[in-house]
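Scroll down for the structure; my scribbles are underneath it.
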Amino acid sequence: GTRSRGATAAMVFYYLHTQPMYFSLLTWGRTVTIFSLVAKRGEYWILLALHVMLITLLTSGLVDVQAANFRWEAVTATQFFLTFFLTFYNGHCYQRYMAMYNLSMEVIDSVLLFVQEIIVSLPYAECEGHRIVATKYALGIAYVFFMGIVSGTVTSAEWRAIMNKGLLTKQ
């Protein structure tokens, strides 16, 4: 899926390696992560409040489940099917993730091998400018690939980030 058009956060966000890892959870306003997508949904907060309310009523004794003559067999059957479908769904999600991960690693490996091949094949001083330009193009294409995966397109802010790195120019 692609990122919705309402999402305004840019893909390009640089994490500081000196900050603790949990700081990445606190960047919701600047990045698009699963945490920010879930936290911004109203139904998440409604279901969370409903869950807290029901647990509070059950543990305080204000609601007596035994008096309602509740059939727990219905719950166990529902729980079985829910567990089965969640496991099945997660397995497919993981397979899609691994396919995308392998392709992403192939892009990175290909860029690295390309740069190594250029260095080995063109070791001459007069070819240095060509090596640098070819390396910048390869890195620029990799950046465009990864940015395109996130949003389906490359935004103007992302193009500026690529140009600010000197990988691609307007020409």
Side-chain angles (χ1 to χ4, degrees), residues 1-66 68-115 138-159 161-162 165 167:
T2 60
R3 186 169 62 191
S4 66
R5 296 290 173 216
T8 58
M11 189 289 206
V12 180
F13 181 79
Y14 300 102
Y15 295 97
L16 296 175
H17 69 282
T18 56
Q19 290 180 335
M21 288 177 59
Y22 63 85
F23 276 25
S24 64
L25 298 175
L26 305 175
T27 60
W28 294 356
R30 297 175 283 173
T31 61
V32 178
T33 64
I34 191 64
F35 300 111
S36 63
L37 294 174
V38 170
K40 292 176 184 176
R41 301 292 300 230
E43 59 263 17
Y44 168 76
W45 295 105
I46 291 170
L47 291 173
L48 181 66
L50 179 66
H51 176 74
V52 169
M53 182 182 69
L54 288 174
I55 294 297
T56 304
L57 289 173
L58 286 171
T59 56
S60 67
L62 294 174
V63 174
D64 186 16
V65 181
Q66 301 300 333
N69 198 13
F70 189 74
R71 294 189 53 195
W72 287 102
E73 298 85 25
V75 173
T76 56
T78 305
Q79 183 179 9
F80 169 75
F81 284 114
L82 180 65
T83 303
F84 172 75
F85 286 123
L86 281 176
T87 305
F88 185 73
Y89 177 74
N90 284 340
H92 281 284
C93 289
Y94 185 71
Q95 286 176 351
R96 286 194 309 267
Y97 163 77
M98 285 308 296
M100 184 61 74
Y101 176 80
N102 290 332
L103 292 174
S104 299
M105 291 297 103
E106 192 173 323
V107 168
I108 292 171
D109 290 342
S110 297
V111 170
L112 289 173
L113 290 172
F114 176 74
V115 172
L139 289 173
I141 291 168
Y143 268 73
V144 169
F145 169 74
F146 287 117
M147 291 174 181
I149 287 176
V150 173
S151 62
T153 185
V154 180
T155 65
S156 58
E158 292 166 346
W159 277 114
I162 292 171
K165 288 185 172 298
L167 299 177

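Residue indices begin at 1 and follow the sequence shown. As a basis for the values below, the full set of heavy atoms in this structure was taken, side chains included, without hydrogen atoms, waters or symmetry mates.
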How close do Trp159 and Val144 get, heavy atom to heavy atom, and via which atoms?
-> CH2-CG2, 3.9 Å
Glu43 atom CD: more than 12 heavy-atom contacts under 6.0 Å = yes
Minimum-distance pair of heavy atoms, taken over all atoms of Thr83 and Thr87 | O-OG1, 2.8 Å
Side chains of Cys93 and Tyr97: closer than 4.5 Å at any heavy-atom pair?
-> no
d(Ile141 CD1, Ser110 OG) to nearest 0.5 Å is 11.5 Å
Rounded to the nearest 0.5 Å, how far does CG of Leu82 lie from CG of Leu86?
-> 4.5 Å
Heavy atoms, side chains only, cut-off 4.5 Å: are Glu158 and Thr155 in contact?
-> yes
Looking only at heavy atoms, the pair that brings Val111 and Ala142 closest together is CG2-CB, 4.0 Å
Measure the OH-OH distance between Tyr94 and Tyr89 for me, rounded to the nearest 0.5 Å.
-> 16.0 Å
Aromatic plane relationship, Phe88 with His92 - under 30° parallel, 30 to 60° tilted, over 60° perpendicular = perpendicular
Write down the atom of Trp45, the atom of Ala39, and the distance for their closest heavy-atom approach.
-> NE1-O, 2.7 Å
Worked check of side chain to side chain contact (heavy atoms under 4.5 Å, CB included) between Tyr143 and Val154 = CA-CA 10 Å; Tyr143 268 73; Val154 180; over 6 Å; no
Criterion side chain to side chain contact (heavy atoms under 4.5 Å, CB included) against Met105, the qualifying member of Ile108, Leu103, Val107 | Ile108
